[in-house]
Amino acid sequence: MSFSIGGVELQSRFFLGTAGYPSPEMLGEAVRASGSQVITVSLRRQLGGGNAQAGDSFYRFVRDTGAQLLPNTAGCTTAREAVNLAKMAREVFGTHWIKLEVIGDEYTLQPDPFELVAAARELAADGFEVFPYCTDDLVTCNRLLDAGCRILMPWGAPIGSGQGLLNPTALRTLRARLPGVPLVVDAGIGSPRDAVQALEMGYDAVLVNSAVALAHDPVTMARAFRLGIEAGRLAYEAGIMAKQEMAVATTPVTGRPFLLP
């Protein structure tokens with residue numbers, strides 16, 4: 001089950017967000033139940049809280065999980081904002097990994113492809129391992145790869161919507177056309193079923209936040225996702241049978257009946 005992404009060897013294909021939990025203690029339990037080795041954190045949202053002491057406490061907490069941190073540029077709407085925030089995050093968290101978000105529409109929170117590519121190009125040139133949050137558009141994804149990204153994070157649906165994988169055809173196309181690129185479904189996943197679907201398609205991992213944090217029991221939901229992700233990957237590796245147009249008998253039929261002694 002192990003795989004390499006961004007130069008780091010991981011056992012878990014479950015990336016977990018850290019926002020919206022009822023308490024830090026609940027978050028900690030959810031991280032442990034998930035088995036996740038990558039957790040995301042937003043520098044801008046923490047700084048925007050106006051409580052520096054609480055922010056420092058939260059940073060210590062996420063570091064103490066032992067997971068690989070993936071800071072993000074949530075809330076940015078221009079390449080310049082995102083680049084500046086990424087550089088701040090590198091200093092604060094001591095990692096060159098960055099989940100790059102540059103939002104182009106306030107209603108759907110859809111990424112701005114032009115600003116996203118511009119920011120990705122600058123950050124990749126500066127030594128960042130850029131994880132760009134993007135749509136499932138193949139052309140945009142290719143432009144991000146040209147800009148220096150080695151990983152892509154296409155959405156399943158708008159952020160926090162829980163609608164699942166709205167365009168599985170586009171996601172399958174990405175997987176088929178970009179066979180050597182690590183792909184992580186990010187945004188819109190609502191239940192473990194959606195995660196299973198993504199892993200069965202051959203996606204390398206999923207990033208989930210709201211579906212765990214907003215569950216009635218985040219810890220149990222984190223475990224449910226963990227099991228679903230493991231099952232989806234195993235199914236992909238085992239080779240899922242092809243769908244048939246008509247019924248196909250599962251028991252072989254011969255021209256003569258079997259005679260039992």
Side-chain angles (χ1 to χ4, degrees), residues 13-24 26-31 33-34 36 38-49 58 62 67 69-78 81-82 85 89 98-113 115-116 131-137 140 151-168 170-171 174 183-199 203 205-226 228-229 232:
R13 296 174 181 270
F14 186 4
F15 294 9
L16 188 65
T18 58
Y21 288 82
S23 68
M26 186 72 74
L27 169 58
E29 291 182 38
V31 171
S34 73
S36 177
V38 177
I39 60 175
T40 65
V41 59
S42 172
L43 178 62
R44 182 168 186 168
R45 295 194 191 283
Q46 290 299 320
L47 292 178
F58 179 78
V62 295
L69 298 184
L70 179 58
N72 65 43
T73 61
C76 293
T77 58
T78 67
E81 276 186 293
L85 193 59
I98 192 72
K99 181 191 170 190
L100 180 62
E101 299 183 31
V102 188
I103 300 303
D105 181 76
E106 293 182 0
Y107 180 72
T108 63
L109 299 182
Q110 181 172 330
D112 182 324
E115 295 293 302
L116 185 66
F131 291 65
Y133 161 62
C134 56
T135 64
D136 52 22
D137 178 69
T140 300
I151 299 148
L152 298 173
M153 301 185 77
W155 68 356
I159 293 174
S161 68
Q163 296 181 56
L165 310 187
L166 292 182
N167 195 345
L171 291 172
L174 281 183
L183 299 177
V184 181
V185 172
D186 175 24
I189 288 179
S191 76
R193 174 186 58 188
D194 305 324
V196 171
Q197 185 181 7
L199 271 293
Y203 275 73
V206 294
L207 195 161
V208 182
N209 191 160
S210 298
V212 174
L214 302 183
H216 294 302
D217 183 344
V219 177
T220 300
M221 185 61 76
R223 182 168 180 267
F225 267 101
R226 176 182 186 172
I229 289 165

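Residues take their numbers from the sequence shown, with the count starting at 1.
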- Would you mind reporting whether L166 and P158 have side-chain heavy atoms less than 4.5 Å apart? yes
- If you round to the nearest 0.5 Å, how far is OG1 of T140 from CG of D112? 10.0 Å
- Hey, does the side chain of D105 reach the backbone of Q110 with a donor-acceptor pair shorter than 3.5 angstrom? no
- So how far is it from D194 CG to L199 CG, rounded to the nearest 0.5 Å? 11.5 Å
- Item | P218 backbone acceptor or donor facing Y21 side chain under 3.5 Å | no
- Message: Within the 4.5 Å heavy-atom criterion, are V41 and L43 side-chain neighbours or not?
- Response: no
- Query: Can you find a heavy atom in the side chain of K99 that is under 4.5 Å from one in the side chain of D186?
  - Reply: yes
- Message: When you compare the side chain of L171 with that of P154, does any pair of heavy atoms fall below 4.5 Å?
- Response: yes
- Query: Is there side-chain contact between F225 and I189, with at least one heavy-atom pair below 4.5 Å?
  - Reply: yes
- Task: Apply the test side chain to side chain contact (heavy atoms under 4.5 Å, CB included) to residues V206 and R13: give CA-CA distance (whole Å), side-chain angles for both, the deciding distance (0.1 Å), then the verdict.
- Result: CA-CA 7 Å; V206 294; R13 296 174 181 270; over 6 Å; no
- Item | Minimum side-chain heavy-atom gap V212-F14 below 4.5 Å | yes
- Inter-residue atom distance D137.CG - W155.CH2, 0.5 Å rounding: 11.0 Å
- Between P168 and Q197, what is the shortest heavy-atom contact and its length? CB-NE2, 3.8 Å
- Message: If you define the side chain from C-beta out and look only at heavy atoms, does anything of R226 sit under 4.5 Å from P192?
- Response: no
- Message: Rounded at 0.5 Å granularity, tell me how far CD1 in I103 sits from OG1 in T78.
- Response: 12.0 Å
- What's the shortest heavy-atom distance between L116 and C134, and which atoms? CD2-CB, 3.9 Å
- Roughly how far, to the nearest 0.5 Å, is the CD1 atom of I39 from the CG atom of L207? 11.0 Å
- Item | For L70 against I98, the heavy-atom pair lying closest together | CD1-C, 3.8 Å
- Item | D136 CG to L183 CG distance, which is reported to the nearest 0.5 Å | 11.5 Å
- How close do A211 and G190 get, heavy atom to heavy atom, and via which atoms? CB-O, 3.5 Å
- Query: Taking S34 for the side chain and A222 for the main chain, is one N or O donor matched with an acceptor at less than 3.5 Å?
  - Reply: no
- Task: Please report the C-alpha distance between Y133 and N72 in whole Å, then the side-chain angles of each, then the deciding distance to 0.1 Å, and finally whether the side chain to side chain contact (heavy atoms under 4.5 Å, CB included) criterion is met.
- Result: CA-CA 9 Å; Y133 161 62; N72 65 43; over 6 Å; no
- Query: Going by heavy atoms in the side chains, are V185 and F15 under 4.5 Å from each other?
  - Reply: no
- Message: If we ignore hydrogens and angles and just use 3.5 Å, is the side chain of T18 paired with the main-chain N or O of T40 as donor and acceptor?
- Response: yes
